[in-house]
Amino acid sequence: MKKNLKNKIALIIAVLLLCLYGIFGIPSGLSGKALLSAISSRIHLGLDLQGGAHLILKVQVADAINDETDNTAQDIQQSMKKANLTFSQVYKPDPNKPDVIRIEGTAPAQSDAVNTLLQSNKYANEYDLSGGPNNTWTLTMKPIYESDLDKRTVDQAIETIRDRVDALGVSEPLIQEYGLGANQILVELPGISDLDQVENIIKSTARLEIHAVEGGPFPSQDAALASVNGALPPEQEILPSSGELAGTSGTAYYILERTPVVEGSDFRSAEPGVNSNTGQRQVNFTLTDEAGDKFWNFTSANVGRNMAVMMGGTVREVAVIKSAIRDSGLIEGSFSQNEVMELSKLLRTGALPASLTYIDENTVGATLGADSIREGVTAAVVGFVLVMIFMLVYYRGSGINADLALVLNLIILLGIMGLSSAISSAGGGGGLVLTLTLPGIAGVILTIGMGVDSNVLIFERIREEIRAGKSASAAVDQGFARAWVTIVDTHVTTIVSAAILFIFGTGPVKGFATTLTVGLAANLFTAVFVSRVIFEAHLNNLKPGEMVSI
């Protein structure tokens with residue numbers, strides 16, 4: 001009895017057309033050059049094929065803890081002043097333990113009020129409180145909160161790095177937490193050759209901050225310390241200038257309030273510019289609403305005083321506050337063109353929550369990538385052709401069936417990779433984009449082998465049924481039915497292995513796992529569904545009693 005295969009054939013043709021669109025899109029022509037250009041725009045190459053930069057960074061989460069406790073210490077001072085509670089100082093007693101804050105000089109009669117304030121939800125959720133001799137109080141950051149802060153710091157660093165890389169215009173970067181080390185980030189940037197520029201943009205903490213100036217300039221650090229009788233208050237710090245400040249010769253030193261008024265994360269936007277009167281380069285900035293209100297309160301209360309613009313641990317500019325400023329202003333100084341462009345870009349993408357150190361950094365040259373592509377593609381094509389010839393010779397007419405299924409398998413694999421790119425572009429750059437890596441080419445070759453293995457299992461089962469005296473139709477039905485369980489078992493176990501590689505591997509290894517998984521899924525469709533439809537179409541054309549060629 002002949003089977004109606006119209007719906008099945010229509011499905012196969014639809015999948016074929018969709019995958020061809022995924023590979024080529026709508027090409028500008030049918031010439032070899034036009035088709036190659038279309039493929040290149042849809043199939044994205046990984047770092048090892050395209051060339052680029054590979055970096056492993058470590059986030060110094062202690063910086064974020066230090067900033068958190070600095071802000072908490074300032075908040076405690078303001079809260080105690082507002083509550084009219086007496087204290088001599090709020091500071092961090094040990095530089096090696098940035099998670100500890102101490103309050104000294106509280107009045108014994110106010111112990112209950114101090115205890116109530118420090119045990120309020122504002123602090124109790126993050127710190128453990130303990131009392132000490134001489135009316136001292138110690139806040140120690142809770143381990144669970146510190147662990148959460150570490151994770152948030154790494155996550156924020158990843159997002160900030162991604163914003164900065166996007167500003168560089170890098171296509172399809174890989175930026176993710178690196179699972180082989182604590183607080184580490186993996187960055188892979190295909191097509192990048194200037195590693196120094198990438199390092200400067202990524203690693204810079206962009207900690208541009210505006211601080212209140214308490215004293216200076218001083219010719220030396222000792223002179224600055226002598227101005228406060230050798231006892232620098234814990235809420236203040238001494239920092240050098242960049243050596244380029246107007247009105248100073250060489251490096252000058254300033255005493256600044258330790259906690260900034262505004263910092264990198266408070267900037268909403270920043271654009272480079274030039275002062276039309278002086279010709280000096282400047283950065284025009286806009287603050288967030290919350291930071292604007294805070295800056296307004298500070299500048300309103302400090303008209304006539306100095307404030308310092310600090311970046312990279314040095315004072316870049318010192319300016320007199322002439323009037324209150326809310327949410328917009330400018331930073332003008334002795335900046336080069338590159339510095340003002342970089343500064344505005346860093347402020348737009350936000351400040352890193354902590355500094356970074358490089359664990360590993362290397363580049364893959366484009367020439368090496370071209371060689372890898374040529375040799376990998378050559379190996380895949382040679383293997384593909386040899387397998388097709390073997391199937392034709394060994395299985396005769398049925399070998400054509402297997403070869404058609406293998407060709408469609410490859411088209412589906414490449415088509416899904418191209419479609420992932422098209423979908424990502426349509427969604428504004430979001431979503432998963434499958435890239436082709438050198439191990440990914442190995443995954444393609446392995447997929448071809450798995451496809452042949454599936455066909456061999458089915459064909460040998462059909463041969464056994466024919467030897468047992470079954471008709472052609474019954475032999476095909478039984479061959480597919482009995483081989484199905486084995487095929488699913490081998491594919492599922494291999495996909496599980498590929499999933500483990502994807503979870504724990506880096507870029508190239510993930511490329512292998514992704515290509516293998518997609519190829520195996522395509523193989524289940526082609527070896528079982530497509531191959532059977534071809535057999536059934538052939539059986540419809542056989543004469544009664546005629547046997548399939550296998």
Side-chain angles (χ1 to χ4, degrees), residues 1-16 18-19 384 387-388 390-392 394-413 415-416 443-501 513-542 546-550:
M1 182 179 66
K2 293 185 178 182
K3 296 182 179 180
N4 188 348
L5 304 175
K6 289 183 179 179
N7 291 337
K8 293 181 179 180
I9 293 174
L11 175 61
I12 294 171
I13 292 174
V15 171
L16 177 62
L18 179 64
C19 291
F384 192 75
V387 167
M388 291 181 70
F390 169 79
M391 296 301 287
L392 285 172
Y394 194 73
Y395 289 108
R396 296 176 290 181
S398 296
I400 299 174
N401 183 327
D403 290 347
L404 289 174
L406 284 176
V407 171
L408 184 57
N409 191 353
L410 185 60
I411 292 174
I412 292 175
L413 172 58
I416 291 176
V444 173
I445 298 173
L446 182 55
T447 298
I448 294 171
M450 293 289 290
V452 172
D453 180 64
S454 299
N455 286 124
V456 168
L457 285 172
I458 294 169
F459 291 176
E460 289 301 322
R461 283 289 187 180
I462 294 174
R463 278 182 170 180
E464 289 178 4
E465 298 300 324
I466 292 174
R467 292 191 192 102
K470 299 285 181 67
S471 66
S473 178
V476 169
D477 287 340
Q478 289 298 313
F480 276 94
R482 294 185 176 181
W484 167 249
V485 174
T486 305
I487 291 172
V488 170
D489 180 63
T490 56
H491 280 63
V492 168
T493 52
T494 307
I495 288 175
V496 170
S497 300
I500 294 173
L501 290 176
T514 302
T515 305
L516 181 60
T517 301
V518 174
L520 290 174
N523 184 55
L524 282 174
F525 175 73
T526 58
V528 177
F529 182 79
V530 175
S531 182
R532 181 156 189 171
V533 170
I534 295 174
F535 265 119
E536 290 175 345
H538 180 56
L539 289 172
N540 283 346
N541 295 320
L542 287 180
E546 188 177 357
M547 193 55 64
V548 294
S549 175
I550 190 167

From [X] [atom1] over to [Y] [atom2], what is the distance, rounded to the nearest 0.5 angstrom?
| X | Y | atom1 | atom2 | value |
| --- | --- | --- | --- | --- |
| L542 | M547 | CG | CE | 9.0 Å |
| W484 | D489 | CH2 | CG | 12.0 Å |
| S497 | L516 | OG | CG | 8.5 Å |
| L11 | F525 | CG | CZ | 5.0 Å |
| I550 | I462 | CD1 | CD1 | 4.5 Å |
| T517 | L413 | OG1 | CG | 10.5 Å |

Nearest atoms (heavy-atom pairs only) where [X] meets [Y]:
| X | Y | value |
| --- | --- | --- |
| H491 | S454 | CE1-OG, 3.1 Å |
| L501 | A513 | CB-CB, 3.9 Å |
| G399 | L392 | C-CD2, 3.9 Å |
| S531 | N455 | OG-ND2, 3.9 Å |
| I448 | L406 | O-CD2, 3.9 Å |
| L539 | S473 | CD1-CA, 3.9 Å |

Could you tell me if the side chain of [Y] sits less than 4.5 Å from the side chain of [X], heavy atoms only?
| X | Y | answer |
| --- | --- | --- |
| R461 | E465 | no |
| L404 | V530 | no |
| I458 | I487 | yes |
| V407 | D403 | no |
| I416 | I412 | yes |
| E460 | R463 | yes |
| E536 | N4 | no |
| F480 | F535 | yes |

Any chance you could lay out the side-chain contact (heavy atoms from CB on, under 4.5 Å) test for R532 and D477, step after step, and finish with the verdict?
CA-CA 9 Å; R532 181 156 189 171; D477 287 340; 2.7 Å; yes
Indicate yes or no for a side-chain donor-acceptor contact from N401 to the backbone of G397 under 3.5 Å, with no hydrogens or angles considered.
no
Would you find a donor on one side and an acceptor on the other, under 3.5 Å apart, between the side chain of S398 and the backbone of S549?
yes
Does either side chain, that of D453 or that of T490, offer a donor lying less than 3.5 Å from an acceptor on the other one?
no
Does V533 form a side-chain contact (heavy atoms from CB on, under 4.5 Å) with I9? I'd like the steps, not just the answer.
CA-CA 8 Å; V533 170; I9 293 174; 4.1 Å; yes
